[in-house]
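Below is one structure, written out as structure tokens; the observations come after it.
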2 protein chains.
Amino acid sequence: MADKVGISRSGVALWRQVADQLRGAIDRGEFPPASKLPSEFEIGRQFGVNRHTARAAIAHLASEGLVQTRHGLGTIVTRSGRLSYPIRLRTRLSTGLSDQVASIISRLLGTQEREATPSIAAELGLRPGDSVLELETVSIAADRPISLATHWLDAGRFKGLADAFEATGSMTAAFRKFGIDDYIRRETSVLAEGAGEAELTHLDLPKGSIVLVATGTNTTLDGRVFHLTRTRFAADRIELRIEH
Amino acid sequence: MADKVGISRSGVALWRQVADQLRGAIDRGEFPPASKLPSEFEIGRQFGVNRHTARAAIAHLASEGLVQTRHGLGTIVTRSGRLSYPIRLRTRLSTGLSDQVASIISRLLGTQEREATPSIAAELGLRPGDSVLELETVSIAADRPISLATHWLDAGRFKGLADAFEATGSMTAAFRKFGIDDYIRRETSVLAEGAGEAELTHLDLPKGSIVLVATGTNTTLDGRVFHLTRTRFAADRIELRIEH
DNA sequence: TACAGTTGTCTAGATAAACAGACAAGTGAC
DNA sequence: GTCACTTGTCTGTTTATCTAGACAACTGTA
């Protein structure tokens, strides 16, 4: 064959499907922290796979730090899943997660000025061909990278924003240096997809991982859009909580 | 080996990773409808895989109806991606999608009464052990299933809701028969995970697919929670748009 | 100590995925 | 028609995944 992809050929290894299901179950609280997972044999039976396949799934969860296996004893759930990231009218990274995790830091990966694409120009209220500032940042919570974000802003207005961000480690703080003391999230789009090269690298993900992609539009209080952001979250480390 | 899962072993086939990346690119507008994809050879080169692997990825997208290959000509993008489902203070399925698709219908898959789990009882303001009504529904837009939802409500108050839903095909309409003319979405959580057995079946997905899981809390106008819902969307058919 | 139940490790074979190369066949431009 | 470029189809080979069975090693309990 070597060709032709039918519906039977899923393209996702069995052990990974089992691991993903187990992670979901742990996440939903079906296996709370400190509880025991069923035995390898039993998990294999439940999912209709060989014990060795179930074993590979468990090994994967162990490598994520979600469970711990103990020879002769069984597998114990060590922590339960995802951080919960609030998306609201005032969406701020550090304040949103500060009660769930000890440390959150953001780093600047790179910055450049480029000509605005038509869609970005339209959203930012610029003329096509105007210059936009593009920042690439990564956020790390409790020593694990959780999100990779691209930011777009009017290059003329926000000259030096990258330095301000690097100095403060916060977009909100950097905006303040440009006279924006408050801003509002007008809209956020969320989708899920397979991780690309950049996400694999900067979020330290294994190939084939899922990312949640949140595209946000921020406005000043007068309703003018000044900031577009496209944030990719490691799907197995976070959930988004929308508050109205 | 047959054991041990390292970072090199991703558990997701290469052709699927390529297909997912291409789908994302099409979705972001990098390949608009009617445009041509690069050749199989070129795609293989770009992703560092064999032409046959690239070919399998394209065949997969073709089976999804996203592209069409023509012998001697190339591969053409036939439609671009996802529906956009708005999540807002008043989140309603049919009104949210009606401008994007001709027909939306919802069907009842099943219903049962069961004892409330502690967490569901707490959210609905019931006593642990009280009886909750559980509905399972599927929604189909333009002949493709897009979401599978589980609903939880107070069984005492909403006796007969299943019939009302079946008669109207709408939760909003069914609620009206119970004196709820208006209701508000208080909170929504969004995460992404691998599809489980039920999702594969009812959303007609190939194994290993990704689902977006939105868990919502609806209240009456006086702020009392009366309805919990857990909706699973096929991630490659929809994005969620949060409006504040 | 004996035991049931668990994880750890090995061997072996079957199936699927991926790579590599070759050539046929369709298409549009010249 | 010729040409460059494309997809379609074939033959292999190599590597990864999954299954199967066996037995060792560890743990808590009787």
Side-chain angles (χ1 to χ4, degrees), chain A residues 1-22 31 34-63 66-78 194 206-208, chain B residues 1-22 31 34-63 66-78 194 206-208:
Chain A
M1 68 193 68
D3 222 359
K4 172 115 196 186
V5 177
I7 196 161
S8 62
R9 225 154 314 189
S10 76
V12 178
L14 283 177
W15 64 260
R16 187 179 240 283
Q17 296 181 42
V18 172
D20 289 344
Q21 290 301 306
L22 287 175
F31 301 107
S35 70
K36 247 179 75 175
L37 284 189
S39 73
E40 295 171 350
F41 183 84
E42 173 60 18
I43 288 174
R45 197 194 58 75
Q46 281 181 25
F47 287 92
V49 299
N50 191 274
R51 183 195 147 206
H52 296 289
T53 308
R55 192 171 160 70
I58 293 167
H60 185 69
L61 295 180
S63 81
L66 220 63
V67 302
Q68 228 169 358
T69 59
R70 299 258 301 271
H71 193 171
L73 242 176
T75 305
I76 292 156
V77 177
T78 46
K207 278 188 180 180
Chain B
M1 66 195 72
D3 221 0
K4 171 114 197 190
V5 176
I7 194 159
S8 62
R9 222 153 316 190
S10 75
V12 179
L14 284 176
W15 63 260
R16 187 181 242 281
Q17 296 180 42
V18 173
D20 290 344
Q21 290 302 305
L22 287 175
F31 301 107
S35 71
K36 248 179 72 175
L37 284 189
S39 73
E40 297 171 348
F41 182 85
E42 173 60 20
I43 288 174
R45 197 195 57 74
Q46 280 181 25
F47 287 92
V49 299
N50 191 274
R51 184 196 146 206
H52 296 288
T53 307
R55 192 172 158 71
I58 293 166
H60 184 71
L61 294 180
S63 79
L66 220 65
V67 302
Q68 228 170 357
T69 59
R70 301 257 302 270
H71 192 170
L73 242 178
T75 305
I76 292 155
V77 178
T78 46
K207 280 189 180 181

Among [options], which is the nearest nucleotide to the side chain of [X]?
X       : options                : result
A/Arg55 : D/dG8, D/dC18, C/dT7   : C/dT7
A/His52 : D/dT7, D/dA20, C/dG8   : D/dA20
A/Ser39 : C/dT6, C/dA20, D/dT7   : C/dT6
B/His71 : D/dT19, D/dA25, C/dA25 : C/dA25
B/Trp15 : C/dT7, C/dA17, D/dT19  : C/dA17

Original post:
B/Val77 and B/Leu37: side-chain contact (heavy atoms from CB on, under 4.5 Å), yes or no, with the steps?
Top reply: CA-CA 7 Å; B/Val77 178; B/Leu37 284 189; 4.2 Å; yes
Rounding to a whole Å, what distance do you find between [X]:[atom1] and [N]:[atom2]?
X       : N      : atom1 : atom2 : result
B/Phe41 : C/dA22 : CZ    : C1'   : 14 Å
A/Lys36 : C/dT7  : NZ    : P     : 7 Å
B/Phe47 : C/dA18 : CZ    : P     : 14 Å
B/Leu14 : C/dA16 : CG    : C1'   : 13 Å
B/Asn50 : C/dA16 : CG    : P     : 20 Å
B/Ile43 : D/dT6  : CD1   : P     : 11 Å
A/Gln68 : C/dG8  : CD    : P     : 11 Å
A/Glu40 : D/dG21 : CD    : C1'   : 15 Å

Subject >> Separation of A/Ile76 CD1 from A/Leu66 CG (nearest 0.5 Å) >> reply: 13.5 Å
**OP:** Look at the side chain of B/Arg51 and the base of D/dG8, then say whether one donor and one acceptor between them are separated by less than 3.5 Å.
**Re:** yes
Subject >> D/dG28 base / A/Arg70 side chain donor-acceptor hit below 3.5 Å >> reply: no
Subject >> A/Thr69 or A/Gly72, whichever maps to the more 5' nucleotide of DNA chain C >> reply: A/Gly72
**OP:** With DNA chain D as reference, determine whether A/Thr53 or A/Leu73 sits nearer its 5' end, using the nearest nucleotide of each.
**Re:** A/Thr53
Subject >> Residue whose closest nucleotide on DNA chain D lies nearer the 5' end, B/Gly74 versus A/Gly48 >> reply: B/Gly74
Subject >> Under 3.5 Å donor-acceptor, A/Thr75 side chain and A/Gln68 backbone >> reply: no
Subject >> Residue pair B/Val49 / B/Trp15, side-chain heavy-atom distance below 4.5 Å >> reply: no
Subject >> Phosphate contact (D/dT6 OP1 or OP2) by B/Thr75 side-chain N/O below 4.0 Å >> reply: no
**OP:** Assess the side chains of A/Gln21 and A/Gln17: does a donor N or O sit below 3.5 Å from an acceptor N or O?
**Re:** no
